[in-house]
There are 2 protein chains.
Amino acid sequence: MGARPGARAYVVRRSTAGTIAAMSAAPNPVFVESVDTSYLEGLVGYNARRAALAIIAEFLPRMAQYELRPVDFSVLSLITHNPGITSRQLCSALSILPPNLVGMVTGLEKRGLIARAAHPHDRRAMGLHLTEEGQSLMRNAEKTAEQLEFEATSQLTPAERKTLIRLLQKIYA
Amino acid sequence: MGARPGARAYVVRRSTAGTIAAMSAAPNPVFVESVDTSYLEGLVGYNARRAALAIIAEFLPRMAQYELRPVDFSVLSLITHNPGITSRQLCSALSILPPNLVGMVTGLEKRGLIARAAHPHDRRAMGLHLTEEGQSLMRNAEKTAEQLEFEATSQLTPAERKTLIRLLQKIYA
DNA sequence: TATTGTTATACTCTATAACTATA
DNA sequence: TATAGTTATAGAGTATAACAATA
(Lines give C-alpha, C1' and ligand atoms only; values in the text may rest on other atoms or scores of the structure.)
Protein backbone atom coordinates (compact mmCIF):
# COMPACT_ATOMS: atom_id res chain seq x y z
CA MET A 1 0.00 0.00 0.00
CA GLY A 2 3.07 2.29 -0.22
CA ALA A 3 3.50 5.13 -2.68
CA ARG A 4 3.55 3.95 -6.30
CA PRO A 5 6.10 5.67 -8.50
CA GLY A 6 5.32 7.52 -11.68
CA ALA A 7 1.60 7.62 -12.10
CA ARG A 8 0.83 10.52 -9.78
CA ALA A 9 2.70 13.79 -9.59
CA TYR A 10 2.50 15.83 -6.45
CA VAL A 11 4.17 18.98 -5.30
CA VAL A 12 4.72 19.94 -1.67
CA ARG A 13 4.00 16.34 -0.75
CA ARG A 14 4.90 15.49 2.81
CA SER A 15 5.45 11.89 3.86
CA THR A 16 2.05 11.56 5.50
CA ALA A 17 0.41 9.05 3.16
CA GLY A 18 -2.84 7.79 4.67
CA THR A 19 -3.46 10.73 6.89
CA ILE A 20 -5.00 13.09 4.40
CA ALA A 21 -8.50 11.75 4.88
CA ALA A 22 -8.18 12.14 8.62
CA MET A 23 -7.37 15.80 8.06
CA SER A 24 -10.51 16.22 6.00
CA ALA A 25 -11.08 19.72 7.27
CA ALA A 26 -7.63 20.76 6.02
CA PRO A 27 -5.93 18.18 3.76
CA ASN A 28 -2.36 18.64 2.66
CA PRO A 29 -1.95 21.38 0.08
CA VAL A 30 -1.02 19.07 -2.79
CA PHE A 31 -1.98 19.40 -6.41
CA VAL A 32 -2.22 16.98 -9.30
CA GLU A 33 0.00 17.69 -12.26
CA SER A 34 -1.35 15.08 -14.66
CA VAL A 35 -4.44 13.06 -13.88
CA ASP A 36 -4.00 9.34 -13.34
CA THR A 37 -6.93 7.55 -14.99
CA SER A 38 -5.32 4.11 -14.92
CA TYR A 39 -7.83 2.62 -12.49
CA LEU A 40 -10.86 3.48 -14.62
CA GLU A 41 -8.97 2.49 -17.75
CA GLY A 42 -8.74 -1.02 -16.32
CA LEU A 43 -12.52 -1.42 -16.37
CA VAL A 44 -14.25 -2.72 -19.50
CA GLY A 45 -17.37 -0.66 -18.83
CA TYR A 46 -15.43 2.59 -18.71
CA ASN A 47 -13.60 1.80 -21.95
CA ALA A 48 -16.73 0.64 -23.77
CA ARG A 49 -18.52 3.86 -22.82
CA ARG A 50 -15.60 6.05 -23.89
CA ALA A 51 -15.31 4.22 -27.21
CA ALA A 52 -19.04 4.44 -27.88
CA LEU A 53 -19.08 8.17 -27.09
CA ALA A 54 -16.06 8.79 -29.32
CA ILE A 55 -17.75 7.10 -32.26
CA ILE A 56 -21.07 8.86 -31.61
CA ALA A 57 -19.22 12.19 -31.54
CA GLU A 58 -18.00 11.45 -35.08
CA PHE A 59 -21.37 10.07 -36.11
CA LEU A 60 -23.31 13.25 -35.28
CA PRO A 61 -21.72 15.71 -37.74
CA ARG A 62 -21.51 13.11 -40.53
CA MET A 63 -25.17 12.14 -40.29
CA ALA A 64 -26.30 15.75 -39.93
CA GLN A 65 -26.48 15.97 -43.74
CA TYR A 66 -29.26 13.36 -43.59
CA GLU A 67 -30.83 14.89 -40.46
CA LEU A 68 -30.44 11.54 -38.70
CA ARG A 69 -29.50 10.99 -35.08
CA PRO A 70 -27.93 7.66 -34.13
CA VAL A 71 -31.30 6.32 -33.03
CA ASP A 72 -32.95 7.40 -36.30
CA PHE A 73 -30.23 5.65 -38.25
CA SER A 74 -30.70 2.47 -36.20
CA VAL A 75 -34.46 2.55 -36.69
CA LEU A 76 -34.22 3.14 -40.44
CA SER A 77 -31.51 0.51 -40.79
CA LEU A 78 -33.67 -2.10 -39.07
CA ILE A 79 -36.61 -1.18 -41.30
CA THR A 80 -34.29 -1.39 -44.31
CA HIS A 81 -33.26 -4.92 -43.48
CA ASN A 82 -36.60 -5.97 -42.00
CA PRO A 83 -39.38 -4.50 -44.17
CA GLY A 84 -42.69 -4.90 -42.38
CA ILE A 85 -41.12 -4.72 -38.91
CA THR A 86 -43.47 -3.39 -36.22
CA SER A 87 -42.87 -0.64 -33.70
CA ARG A 88 -42.88 -3.19 -30.93
CA GLN A 89 -40.16 -5.19 -32.64
CA LEU A 90 -38.08 -2.06 -33.12
CA CYS A 91 -38.44 -1.27 -29.43
CA SER A 92 -37.31 -4.73 -28.39
CA ALA A 93 -34.38 -4.84 -30.78
CA LEU A 94 -33.07 -1.39 -29.88
CA SER A 95 -34.12 -1.18 -26.22
CA ILE A 96 -36.31 1.82 -26.90
CA LEU A 97 -39.42 2.31 -24.79
CA PRO A 98 -42.60 2.40 -26.91
CA PRO A 99 -43.65 5.93 -25.88
CA ASN A 100 -40.27 7.21 -27.02
CA LEU A 101 -40.52 5.58 -30.44
CA VAL A 102 -43.87 7.10 -31.39
CA GLY A 103 -42.50 10.54 -32.15
CA MET A 104 -39.59 9.15 -34.15
CA VAL A 105 -41.80 7.02 -36.39
CA THR A 106 -44.25 9.89 -36.84
CA GLY A 107 -41.41 12.23 -37.77
CA LEU A 108 -39.83 9.80 -40.24
CA GLU A 109 -43.23 9.24 -41.84
CA LYS A 110 -43.88 12.99 -42.12
CA ARG A 111 -40.49 13.35 -43.84
CA GLY A 112 -41.62 10.78 -46.38
CA LEU A 113 -38.89 8.29 -45.45
CA ILE A 114 -41.12 5.51 -44.17
CA ALA A 115 -44.70 4.34 -44.67
CA ARG A 116 -46.98 2.31 -42.47
CA ALA A 117 -48.92 -0.60 -43.89
CA ALA A 118 -51.60 -2.80 -42.43
CA HIS A 119 -50.20 -5.83 -40.63
CA PRO A 120 -51.45 -9.00 -42.32
CA HIS A 121 -52.26 -10.91 -39.15
CA ASP A 122 -52.63 -8.33 -36.38
CA ARG A 123 -54.92 -5.35 -36.76
CA ARG A 124 -53.33 -3.66 -33.74
CA ALA A 125 -49.90 -3.49 -35.37
CA MET A 126 -48.57 -1.57 -38.35
CA GLY A 127 -45.79 -2.85 -40.60
CA LEU A 128 -43.09 -0.27 -41.32
CA HIS A 129 -41.49 0.09 -44.75
CA LEU A 130 -39.05 2.46 -46.42
CA THR A 131 -40.35 4.67 -49.18
CA GLU A 132 -38.28 5.13 -52.35
CA GLU A 133 -36.93 8.32 -50.81
CA GLY A 134 -36.13 6.47 -47.59
CA GLN A 135 -34.30 3.77 -49.50
CA SER A 136 -32.29 6.34 -51.41
CA LEU A 137 -31.36 8.17 -48.23
CA MET A 138 -30.40 4.98 -46.42
CA ARG A 139 -28.18 3.79 -49.25
CA ASN A 140 -26.15 6.96 -48.74
CA ALA A 141 -26.42 6.97 -44.95
CA GLU A 142 -25.18 3.40 -44.68
CA LYS A 143 -22.27 4.29 -46.95
CA THR A 144 -21.45 7.17 -44.61
CA ALA A 145 -21.71 4.86 -41.61
CA GLU A 146 -19.35 2.40 -43.22
CA GLN A 147 -16.87 5.17 -44.02
CA LEU A 148 -17.04 6.28 -40.38
CA GLU A 149 -16.58 2.68 -39.30
CA PHE A 150 -13.49 2.46 -41.47
CA GLU A 151 -11.98 5.64 -40.04
CA ALA A 152 -12.96 4.94 -36.42
CA THR A 153 -11.13 1.62 -36.57
CA SER A 154 -8.18 2.91 -38.57
CA GLN A 155 -5.83 1.99 -35.72
CA LEU A 156 -7.03 -1.62 -35.87
CA THR A 157 -6.19 -4.34 -38.34
CA PRO A 158 -9.20 -6.02 -40.01
CA ALA A 159 -8.61 -9.02 -37.75
CA GLU A 160 -8.52 -6.81 -34.65
CA ARG A 161 -11.73 -5.09 -35.72
CA LYS A 162 -13.44 -8.45 -36.08
CA THR A 163 -12.08 -9.56 -32.71
CA LEU A 164 -13.27 -6.36 -31.04
CA ILE A 165 -16.82 -6.87 -32.29
CA ARG A 166 -16.80 -10.51 -31.25
CA LEU A 167 -15.59 -9.70 -27.72
CA LEU A 168 -18.08 -6.85 -27.31
CA GLN A 169 -20.91 -9.18 -28.26
CA LYS A 170 -19.74 -11.60 -25.59
CA ILE A 171 -20.35 -8.81 -23.07
CA TYR A 172 -23.91 -7.89 -23.99
CA ALA A 173 -25.31 -10.87 -25.88
CA MET B 1 -29.06 -7.94 -55.17
CA GLY B 2 -31.35 -10.99 -55.08
CA ALA B 3 -33.04 -12.34 -51.98
CA ARG B 4 -30.57 -13.46 -49.36
CA PRO B 5 -31.45 -16.72 -47.65
CA GLY B 6 -31.87 -17.22 -43.96
CA ALA B 7 -31.49 -13.89 -42.26
CA ARG B 8 -35.00 -12.55 -42.84
CA ALA B 9 -38.22 -14.47 -42.36
CA TYR B 10 -41.27 -13.31 -44.28
CA VAL B 11 -44.69 -14.73 -44.70
CA VAL B 12 -47.00 -14.02 -47.64
CA ARG B 13 -43.97 -12.72 -49.51
CA ARG B 14 -44.57 -12.29 -53.23
CA SER B 15 -41.64 -12.20 -55.66
CA THR B 16 -41.67 -8.44 -56.01
CA ALA B 17 -38.36 -7.58 -54.33
CA GLY B 18 -37.46 -3.95 -54.96
CA THR B 19 -40.96 -2.74 -55.61
CA ILE B 20 -42.14 -2.29 -52.07
CA ALA B 21 -40.76 1.19 -51.74
CA ALA B 22 -42.51 2.23 -54.93
CA MET B 23 -45.78 1.08 -53.41
CA SER B 24 -45.19 3.22 -50.34
CA ALA B 25 -48.86 3.98 -49.96
CA ALA B 26 -49.65 0.27 -49.77
CA PRO B 27 -46.59 -1.99 -49.33
CA ASN B 28 -46.92 -5.73 -49.50
CA PRO B 29 -48.55 -7.19 -46.41
CA VAL B 30 -45.43 -8.94 -45.12
CA PHE B 31 -44.39 -9.37 -41.56
CA VAL B 32 -41.08 -10.04 -39.85
CA GLU B 33 -40.85 -13.22 -37.82
CA SER B 34 -37.45 -12.64 -36.22
CA VAL B 35 -35.63 -9.34 -36.50
CA ASP B 36 -32.38 -9.34 -38.45
CA THR B 37 -29.91 -7.08 -36.63
CA SER B 38 -26.85 -8.33 -38.49
CA TYR B 39 -26.14 -5.03 -40.22
CA LEU B 40 -25.98 -3.03 -37.00
CA GLU B 41 -24.07 -5.83 -35.33
CA GLY B 42 -21.34 -5.33 -37.89
CA LEU B 43 -20.67 -1.80 -36.65
CA VAL B 44 -18.22 -1.21 -33.80
CA GLY B 45 -20.15 1.80 -32.55
CA TYR B 46 -23.36 -0.16 -32.16
CA ASN B 47 -21.62 -2.97 -30.29
CA ALA B 48 -19.65 -0.65 -28.03
CA ARG B 49 -22.84 1.17 -27.05
CA ARG B 50 -24.73 -2.07 -26.37
CA ALA B 51 -21.88 -3.42 -24.27
CA ALA B 52 -21.56 -0.20 -22.30
CA LEU B 53 -25.32 -0.09 -21.63
CA ALA B 54 -25.32 -3.75 -20.56
CA ILE B 55 -22.57 -3.13 -18.01
CA ILE B 56 -24.19 0.09 -16.77
CA ALA B 57 -27.47 -1.81 -16.31
CA GLU B 58 -25.62 -4.15 -13.94
CA PHE B 59 -23.71 -1.30 -12.35
CA LEU B 60 -26.81 0.62 -11.24
CA PRO B 61 -28.34 -1.91 -8.82
CA ARG B 62 -24.96 -2.95 -7.41
CA MET B 63 -23.86 0.61 -6.66
CA ALA B 64 -27.27 1.56 -5.27
CA GLN B 65 -26.11 0.36 -1.86
CA TYR B 66 -23.52 3.16 -1.91
CA GLU B 67 -25.93 5.64 -3.52
CA LEU B 68 -23.46 6.12 -6.35
CA ARG B 69 -24.31 6.58 -10.00
CA PRO B 70 -21.67 5.67 -12.57
CA VAL B 71 -20.56 9.29 -12.81
CA ASP B 72 -20.29 9.59 -9.01
CA PHE B 73 -18.16 6.47 -8.93
CA SER B 74 -15.92 7.84 -11.66
CA VAL B 75 -15.53 11.17 -9.87
CA LEU B 76 -14.76 9.56 -6.51
CA SER B 77 -12.40 7.07 -8.12
CA LEU B 78 -10.41 9.86 -9.75
CA ILE B 79 -10.27 11.75 -6.45
CA THR B 80 -9.17 8.51 -4.76
CA HIS B 81 -6.26 8.07 -7.12
CA ASN B 82 -5.57 11.78 -7.56
CA PRO B 83 -5.95 13.49 -4.19
CA GLY B 84 -5.98 17.24 -4.70
CA ILE B 85 -7.50 17.03 -8.19
CA THR B 86 -9.49 20.10 -9.16
CA SER B 87 -13.01 20.29 -10.57
CA ARG B 88 -11.61 21.44 -13.87
CA GLN B 89 -9.34 18.41 -14.09
CA LEU B 90 -12.24 16.11 -13.30
CA CYS B 91 -14.26 17.73 -16.06
CA SER B 92 -11.49 17.26 -18.60
CA ALA B 93 -10.75 13.67 -17.63
CA LEU B 94 -14.39 12.56 -17.63
CA SER B 95 -15.81 14.84 -20.34
CA ILE B 96 -18.18 16.46 -17.89
CA LEU B 97 -19.15 20.10 -18.40
CA PRO B 98 -18.25 22.30 -15.41
CA PRO B 99 -21.83 23.42 -14.67
CA ASN B 100 -22.87 19.79 -14.43
CA LEU B 101 -20.13 18.88 -11.98
CA VAL B 102 -20.93 21.57 -9.43
CA GLY B 103 -23.97 19.79 -8.05
CA MET B 104 -22.19 16.46 -7.87
CA VAL B 105 -19.26 17.84 -5.90
CA THR B 106 -21.59 19.77 -3.60
CA GLY B 107 -23.64 16.64 -3.01
CA LEU B 108 -20.63 14.44 -2.30
CA GLU B 109 -19.28 17.07 0.10
CA LYS B 110 -22.63 17.33 1.90
CA ARG B 111 -22.60 13.55 2.29
CA GLY B 112 -19.22 13.82 3.98
CA LEU B 113 -17.44 11.77 1.32
CA ILE B 114 -15.12 14.48 0.02
CA ALA B 115 -13.60 17.71 1.31
CA ARG B 116 -12.32 20.76 -0.50
CA ALA B 117 -8.95 22.22 0.37
CA ALA B 118 -7.20 25.37 -0.69
CA HIS B 119 -5.14 24.90 -3.82
CA PRO B 120 -1.49 25.63 -3.07
CA HIS B 121 -0.78 27.64 -6.23
CA ASP B 122 -4.15 28.85 -7.52
CA ARG B 123 -6.59 30.66 -5.30
CA ARG B 124 -9.38 30.19 -7.84
CA ALA B 125 -9.24 26.41 -7.60
CA MET B 126 -10.07 23.96 -4.84
CA GLY B 127 -8.28 20.64 -4.39
CA LEU B 128 -10.63 17.72 -3.80
CA HIS B 129 -9.85 14.97 -1.29
CA LEU B 130 -11.65 11.95 0.13
CA THR B 131 -12.63 12.02 3.79
CA GLU B 132 -12.08 8.92 5.91
CA GLU B 133 -15.71 8.02 5.24
CA GLY B 134 -15.19 8.56 1.54
CA GLN B 135 -12.12 6.33 1.56
CA SER B 136 -13.99 3.62 3.42
CA LEU B 137 -16.90 3.77 0.99
CA MET B 138 -14.66 3.73 -2.05
CA ARG B 139 -12.70 0.74 -0.83
CA ASN B 140 -15.98 -1.18 -0.86
CA ALA B 141 -17.30 0.42 -4.04
CA GLU B 142 -14.17 -0.41 -5.98
CA LYS B 143 -14.40 -3.99 -4.75
CA THR B 144 -17.97 -4.10 -6.03
CA ALA B 145 -16.88 -2.62 -9.36
CA GLU B 146 -14.18 -5.25 -9.68
CA GLN B 147 -16.66 -8.02 -8.89
CA LEU B 148 -18.99 -6.64 -11.56
CA GLU B 149 -16.06 -6.45 -13.95
CA PHE B 150 -15.30 -10.09 -13.23
CA GLU B 151 -18.88 -11.20 -13.89
CA ALA B 152 -19.45 -8.95 -16.90
CA THR B 153 -16.44 -10.50 -18.60
CA SER B 154 -17.14 -14.05 -17.47
CA GLN B 155 -17.48 -15.15 -21.11
CA LEU B 156 -13.97 -13.87 -21.82
CA THR B 157 -10.62 -15.37 -20.98
CA PRO B 158 -8.25 -13.07 -19.06
CA ALA B 159 -6.29 -12.61 -22.28
CA GLU B 160 -9.45 -11.72 -24.20
CA ARG B 161 -10.44 -9.21 -21.53
CA LYS B 162 -7.05 -7.57 -21.81
CA THR B 163 -7.32 -7.55 -25.60
CA LEU B 164 -10.80 -6.03 -25.47
CA ILE B 165 -9.62 -3.14 -23.31
CA ARG B 166 -6.60 -2.57 -25.53
CA LEU B 167 -8.70 -2.48 -28.70
CA LEU B 168 -11.31 -0.19 -27.15
CA GLN B 169 -8.58 2.25 -26.16
CA LYS B 170 -7.37 2.27 -29.75
CA ILE B 171 -10.81 3.57 -30.71
CA TYR B 172 -11.07 6.49 -28.33
CA ALA B 173 -7.53 7.35 -27.28
C1' DT C 1 -7.05 38.35 -21.89
C1' DA C 2 -7.81 33.63 -20.20
C1' DT C 3 -9.26 30.36 -16.65
C1' DT C 4 -11.82 28.36 -12.32
C1' DG C 5 -15.89 27.82 -10.30
C1' DT C 6 -20.57 29.06 -10.26
C1' DT C 7 -25.76 30.18 -11.32
C1' DA C 8 -29.53 29.96 -14.22
C1' DT C 9 -31.66 27.85 -17.79
C1' DA C 10 -32.78 25.23 -21.99
C1' DC C 11 -32.69 21.11 -24.44
C1' DT C 12 -32.47 16.15 -25.06
C1' DC C 13 -32.95 11.57 -23.48
C1' DT C 14 -35.17 8.20 -20.79
C1' DA C 15 -38.87 6.44 -17.75
C1' DT C 16 -43.77 5.77 -15.79
C1' DA C 17 -48.86 5.81 -15.76
C1' DA C 18 -52.81 5.29 -18.12
C1' DC C 19 -55.73 4.87 -22.10
C1' DT C 20 -57.81 2.41 -26.85
C1' DA C 21 -58.22 -1.05 -29.77
C1' DT C 22 -57.33 -5.65 -30.69
C1' DA C 23 -55.45 -10.54 -29.71
C1' DT D 1 -56.07 -11.26 -19.56
C1' DA D 2 -52.31 -9.73 -22.43
C1' DT D 3 -50.33 -6.93 -26.17
C1' DA D 4 -49.57 -2.87 -29.86
C1' DG D 5 -49.73 1.66 -30.22
C1' DT D 6 -50.52 6.02 -28.19
C1' DT D 7 -50.77 10.36 -25.01
C1' DA D 8 -49.22 12.97 -21.30
C1' DT D 9 -45.85 13.83 -18.16
C1' DA D 10 -41.96 13.35 -15.02
C1' DG D 11 -37.18 12.78 -14.27
C1' DA D 12 -32.32 12.40 -15.55
C1' DG D 13 -28.71 13.79 -18.43
C1' DT D 14 -26.39 17.21 -21.26
C1' DA D 15 -25.85 21.84 -23.27
C1' DT D 16 -25.09 27.15 -23.63
C1' DA D 17 -24.75 31.93 -21.71
C1' DA D 18 -23.16 34.84 -18.42
C1' DC D 19 -21.02 36.22 -14.10
C1' DA D 20 -17.26 37.03 -10.08
C1' DA D 21 -12.74 36.03 -8.58
C1' DT D 22 -8.24 35.13 -9.85
C1' DA D 23 -4.30 33.94 -13.14
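Remember, it's a predicted structure, so these values are computed and weren't measured experimentally. Below, chain A is the first sequence line, B the second, and so on; all start at residue 1.
Rounding to the nearest 0.5 Å places CD1 of A:Ile79 at 4.5 Å from CG of A:Leu128. Taken from CD1 in B:Ile165 to CG in A:Asn47, the straight-line distance is 5.5 Å, to the nearest 0.5 Å. Put simply, CG on A:Asp122 and CZ on A:Arg124 are 4.0 Å apart, with the number rounded to the nearest 0.5 Å. If you take CD on A:Glu67 and CG on A:Leu137, they are separated by 9.5 Å, rounding to the nearest 0.5 Å.
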Test B:Ser77 against B:Glu142 for side chain to side chain contact (heavy atoms under 4.5 Å, CB included), laying out the working first.
CA-CA 8 Å; B:Ser77 182; B:Glu142 289 195 338; 3.2 Å; yes

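Between B:Phe31 atom CZ and D:dA4 atom C1' the separation is 15 Å, expressed in whole Å. Separating the CG atom of A:Leu60 from the C1' atom of C:dT12 is a distance of 12 Å, rounded to the nearest angstrom. Distance A:Met126 CE to C:dA21 P: 15 Å, rounded to the nearest Å. For the pair A:Leu101 CG and D:dT6 P, the computed distance is 8 Å after rounding to whole Å. One atom, CD of A:Glu109, and another, P of D:dG5, lie 13 Å apart when rounded to the nearest Å. Here the C1' atom of nucleotide C:dC13 and the CG atom of A:Leu94 are 15 Å apart, to the nearest Å. Rounded to whole Å, the distance from NE2 on A:His119 to C1' on C:dA21 is 16 Å. For A:Leu128 and D:dA4, the CG to P distance is 13 Å, given to the nearest whole Å.
Residue B:Leu113 is grouped with residue B:Val71 when hydrophobic side chains (ILVMFWY) are merged at heavy-atom distances under 4.5 angstrom, including chains of intermediate members.
Phosphate contact (OP1/OP2 of C:dT6, side-chain N/O of B:Arg88, threshold under 4.0 Å): absent.
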With Watson-Crick and G-U wobble geometry limited to distances under 3.5 Å, how should the secondary structure of DNA chain C be encoded in dot-bracket form, using | for bases paired to another strand and [ ] for crossing pairs?
|||||||||||||||||||||||

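Of all heavy-atom pairs between A:Leu108 and A:Leu76, the closest is CD1-CD2, 3.9 Å.
Within a 6.0 Å sphere centred on CD of B:Gln155, heavy atoms belonging to other residues, nucleotides or ligands number 12 at most.
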Could you run down nucleotides 13-23 of chain D 5' to 3' and tag each one B, S or - for protein heavy-atom contact under 4.0 Å?
SBBBB---BBS

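Checked against A:Val35 for a side chain to side chain contact (heavy atoms under 4.5 Å, CB included), the options B:Leu94, B:Leu90, B:Asn82, B:Thr86 give a single hit: B:Asn82.
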